[in-house]
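Working notes, beginning with the structure itself.
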Amino acid sequence: MLRELCRLHTNLEEDDIRILENISNILPLIADLVRADVFIDCLTRDPNIAIVVAEAKPRNSQSMYKYSVIGQLALQKNEPAALRTLQIGVSTRDLKAITQENITVKQNVVPIKNKSNETIGALIMEQDATEVVNQNKQMQMLAETAEQLTETLFSLTDNEHALTYHLNDAIVMFNEEGRAIYANPVAEELYNKLGYKDRIVGMHFENLVLDGSSIDKIITENFFNIGEVNVGKLTFQVKYLVKRKKRN
């Protein structure tokens with residue numbers, strides 16, 4: 001469907017479409033990570049109109065959509081964040097939008113770029129703007145143990161523009177040995193607030209874990225869990241996900 005929509009409505013090249021297909025394959029995992037509806041939009045041949053080419057609903061929270069919106073159009077007046085990012089290639093955070101189902105949402109939008117640094121699409125994460133989400137939480141933390149996801153994301157863009165770089169949640173990725181191989185800026189800031197003086201990349205899981213979990217148990221049991229932990233006056237939401245490499 002993504003390929004057909006891109007060919008019909010956009011001027012994207014074949015290599016660009018393949019990049020979008022790669023990202024669409026991991027949209028469900030991204031939706032679970034951010035606990036939000038996630039979409040890929042592309043500009044149509046009309047630079048003021050975008051089209052939804054892929055979507056994913058979170059499995060761990062309620063979706064705001066009753067129906068699929070793949071193939072539907074996004075207009076500048078309704079989704080300024082998405083169109084802004086597509087038009088000028090920069091991230092947009094916490095901007096209100098009106099969905100195709102006439103729901104007011106808050107959008108975080110990240111540009112998807114090709115190897116020539118051209119914006120070919122937008123990754124859109126939506127949450128209900130009518131609710132106060134986690135109003136008593138001073139910080140959230142998501143911990144992702146997915147080396148394959150890391151490789152996939154970073155093979156599409158450089159570190160500065162990696163999708164996780166622009167998320168509002170703190171994300172730390174570990175390899176199979178339990179070493180932190182990536183931390184986005186929010187995670188670095190979070191651990192700095194907790195008194196960590198050095199960069200956390202390279203540190204072992206047991207020196208970073210906040211809730212006493214075991215990396216071996218997480219990997220062995222194919223953990224998927226969400227919990228809360230209090231550290232001083234701060235309350236964190238902690239999520240663990242395991243993504244296993246595909247075997248040939």
Side-chain angles (χ1 to χ4, degrees), residues 1-34 36-59 63-93 95-128 149 151-158 161-167 246:
M1 178 66 75
L2 182 151
R3 178 174 294 273
E4 287 74 14
L5 288 171
C6 288
R7 285 177 172 175
L8 185 62
H9 296 283
T10 78
N11 293 319
L12 294 175
E13 301 289 340
E14 185 65 26
D15 288 346
D16 297 334
I17 295 175
R18 278 197 290 266
I19 291 174
L20 296 177
E21 285 180 325
N22 287 337
I23 296 179
S24 72
N25 290 334
I26 59 173
L27 274 192
L29 183 55
I30 296 174
D32 289 342
L33 278 171
V34 299
D37 293 290
V38 181
F39 307 90
I40 295 176
D41 280 17
C42 297
L43 279 181
T44 65
R45 295 185 178 91
D46 183 334
N48 293 313
I49 300 176
I51 186 169
V52 184
V53 298
E55 66 183 0
K57 298 178 180 180
R59 296 171 298 177
S63 170
M64 293 181 294
Y65 287 80
K66 294 181 180 179
Y67 308 103
S68 171
V69 295
I70 292 177
Q72 296 194 29
L73 301 179
L75 307 179
Q76 185 102 41
K77 64 179 182 179
N78 293 332
E79 300 189 46
L83 271 297
R84 173 181 181 270
T85 293
L86 285 166
Q87 291 163 346
I88 65 176
V90 299
S91 298
T92 307
R93 293 191 178 192
L95 207 59
K96 286 187 177 180
I98 305 297
T99 72
Q100 288 84 354
E101 296 182 1
N102 202 33
I103 299 173
T104 300
V105 297
K106 187 166 57 176
Q107 289 184 334
N108 286 342
V109 188
V110 180
I112 301 171
K113 299 189 177 185
N114 59 19
K115 294 180 180 179
S116 300
N117 204 36
E118 299 168 328
T119 300
I120 60 174
L123 178 72
I124 302 169
M125 295 155 277
E126 293 185 350
Q127 292 182 316
D128 192 345
L149 174 59
E151 294 169 354
T152 302
L153 293 175
F154 289 176
S155 67
L156 300 174
T157 54
D158 60 341
H161 296 101
L163 304 182
T164 56
Y165 189 93
H166 299 283
L167 299 183
K246 292 182 180 179

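Numbering starts at 1 and runs along the sequence shown.
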Legend entry - Of N11, V52, L12, the residue whose pairing with C42 passes side-chain contact (heavy atoms from CB on, under 4.5 Å): L12

Legend entry - Among D41, L43, I49, side-chain contact (heavy atoms from CB on, under 4.5 Å) partner for L83: L43

With a 4.5 Å limit on heavy-atom distance, are the side chains of [X] and [Y] in contact?
{"X": "S91", "Y": "V109", "answer": "no"}
{"X": "I70", "Y": "M1", "answer": "yes"}
{"X": "Q87", "Y": "N48", "answer": "yes"}
{"X": "L20", "Y": "L2", "answer": "yes"}
{"X": "R59", "Y": "P28", "answer": "no"}
{"X": "V110", "Y": "M125", "answer": "yes"}

Distance in Å, [X] [atom1] paired with [Y] [atom2], rounded so as to fall on 0.5 Å steps:
{"X": "I124", "Y": "I40", "atom1": "CD1", "atom2": "CD1", "answer": "9.5 Å"}
{"X": "L73", "Y": "E79", "atom1": "CG", "atom2": "CD", "answer": "10.0 Å"}
{"X": "T10", "Y": "I120", "atom1": "OG1", "atom2": "CD1", "answer": "9.5 Å"}
{"X": "I51", "Y": "D46", "atom1": "CD1", "atom2": "CG", "answer": "12.0 Å"}
{"X": "L123", "Y": "I23", "atom1": "CG", "atom2": "CD1", "answer": "7.0 Å"}
{"X": "R84", "Y": "Q76", "atom1": "CZ", "atom2": "CD", "answer": "11.0 Å"}

Legend entry - Qualifying salt bridge (Lys or Arg N to Asp or Glu O under 4.0 Å) pairs with a residue from residues 6-16, counting only residues at least two apart or across chains: R3-E14, R7-E14, E14-R18, D15-R18

State, to 0.1 Å, how close [X] and [Y] come at their nearest heavy-atom pair, and which atoms those are.
{"X": "A31", "Y": "P58", "result": "O-CB, 3.6 Å"}
{"X": "K57", "Y": "D37", "result": "CG-OD1, 3.6 Å"}
{"X": "A54", "Y": "L27", "result": "CB-CD1, 3.8 Å"}
{"X": "A50", "Y": "L86", "result": "CB-CD1, 3.6 Å"}

Legend entry - Donor + acceptor pair across side chains of Y65, E126 (<3.5 Å): yes

Legend entry - Check: E101 side chain, Y67 main-chain N or O, donor-acceptor pair, under 3.5 Å: yes

Inset, instruction - Determine, stepwise, if the pair V105 / M64 fulfils side-chain contact (heavy atoms from CB on, under 4.5 Å). - result: CA-CA 9 Å; V105 297; M64 293 181 294; 3.5 Å; yes

